[in-house]
Amino acid sequence: MRLRALRAETKGQALLEFALILPILLMLLLGIIEFARVWNIDQRVSDATREGARQAVIADPTITEQQVHDFVMFRLAQAGVDTTVATVDFSQTGANWKATGLPQTATVRFPYSFMFFRSAFGTIQIVSSFTMRNE
């Protein structure tokens with residue numbers, strides 16, 4: 001009789017079930033937040049790369065490679081990207097910097113360290129390239 005009374009007690013069942021499922025729900029929520037952060041940074045790096053490629057091919061001989069590099073770094077800084085670890089490269093440099101008809105590719109690389117899952121995923125490389133033809 002006493003054994004049946006103990007089995008019928010369910011006061012702590014909901015609390016136990018919640019305690020078991022809570023870590024899974026928190027991991028799911030943090031994963032969604034982390035994915036959104038990576039996607040947002042990737043989009044901002046892509047935008048800065050596109051703007052830099054456009055600046056590089058404008059038919060203005062006074063625009064230098066360093067000015068475009070600084071412009072891209074400025075746009076990355078505005079986006080909240082750590083510019084000390086970001087790199088900007090151009091396919092045409094030196095004498096070919098403004099060669100008409102040649103394609104100019106701007107490439108930005110940025111190592112992203114995960115906020116919540118650093119021990120699981122470490123660092124990923126966000127790379128964005130954009131090619132335009134010199135005018």
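When a residue number appears, it is its place in the shown sequence, counting from 1.
One finds the CG atom of Asp47 at 6.5 Å from the CD atom of Glu51 (value rounded to the nearest 0.5 Å). Interatomic distance, CD1 of Ile126 versus CD1 of Ile41, reported as 6.0 Å (0.5 Å rounding). Rounded to the nearest 0.5 Å, atoms CD (Gln67) and CG (Asp60) are 8.5 Å apart. Atom CZ of Phe130 is separated from atom CZ of Arg50 by 5.5 Å, given to the nearest 0.5 angstrom.
Between Arg133 and Val57 the shortest side-chain heavy-atom distance does not fall below 4.5 Å.
With sequence neighbours left out, the ring pair (Phe, Tyr, Trp, His ring centres under 6.0 Å) criterion links Phe35 to Trp39. In this structure Tyr112 satisfies the ring pair (Phe, Tyr, Trp, His ring centres under 6.0 Å) test together with Phe114, sequence neighbours excluded. Under the salt bridge (charged side-chain N to carboxylate O under 4.0 Å, His left out) criterion, Asp42 pairs with no residue, sequence neighbours left out. Residues passing the side-chain hydrogen bond (donor to acceptor under 3.5 Å, both in side chains) test with Arg44 are Asn40, sequence neighbours excluded. Taking Glu17 as the reference, Gln13 meet the side-chain contact (heavy atoms from CB on, under 4.5 Å) condition, with sequence neighbours excluded. Every residue meeting the side-chain contact (heavy atoms from CB on, under 4.5 Å) condition with Ala77, not counting sequence neighbours, appears here in chain and number order: Thr83. Evaluation of the side-chain contact (heavy atoms from CB on, under 4.5 Å) rule for Phe90 yields Ala56, Glu65, Val68, His69, Val88, Thr93, Trp97, Gln104, Ala106 as partners, not counting sequence neighbours. Residues passing the side-chain contact (heavy atoms from CB on, under 4.5 Å) test with Pro111 are Val85, Thr123, Gln125, sequence neighbours excluded.
Applying the salt bridge (Lys or Arg N to Asp or Glu O under 4.0 Å) test to pairs two or more places apart or on separate chains, those with a residue in residues 79-92 are Asp89-Arg109.
Through chains of ILVMFWY side-chain contacts below 4.5 Å, Leu20 is grouped with Leu16. Through direct or relayed side-chain contacts under 4.5 Å between Ile, Leu, Val, Met, Phe, Trp and Tyr, Phe74 connects to no other residue. Residue Leu28 is found in a hydrophobic cluster whose other members, listed by chain and number, are Ile32; membership requires side-chain heavy atoms under 4.5 Å apart, directly or through intermediates.
When the side chains of ILVMFWY residues are joined at heavy-atom separations under 4.5 Å, either directly or via intervening members, Met73 and Ile63 end up in a single hydrophobic cluster.
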Step-by-step side-chain contact (heavy atoms from CB on, under 4.5 Å) determination, Ile124 to Val38: CA-CA 10 Å; Ile124 61 170; Val38 171; 4.0 Å; yes
Begin with the C-alpha distance, continue with both residues' side-chain angles, and end with the deciding distance and a verdict on side-chain contact (heavy atoms from CB on, under 4.5 Å) for Val72 and Thr49. CA-CA 7 Å; Val72 172; Thr49 306; 5.6 Å; no
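Counting all heavy atoms, side chain and backbone alike, Thr107 lies closest to Ser129 at OG1-OG, 3.0 Å. Minimum heavy-atom separation, Leu76 to Ala48: CD2-CB, 3.7 Å. Closest non-hydrogen pair, Gln92 versus Leu102, comes out as OE1-CD1, 3.8 Å.
Between the side chains of Asp70 and Gln66, a donor-acceptor pair is found at a separation under 3.5 Å.
The closest donor-acceptor contact from the side chain of Thr105 to the backbone of Thr131 lies at 3.5 Å or more, if one exists at all.
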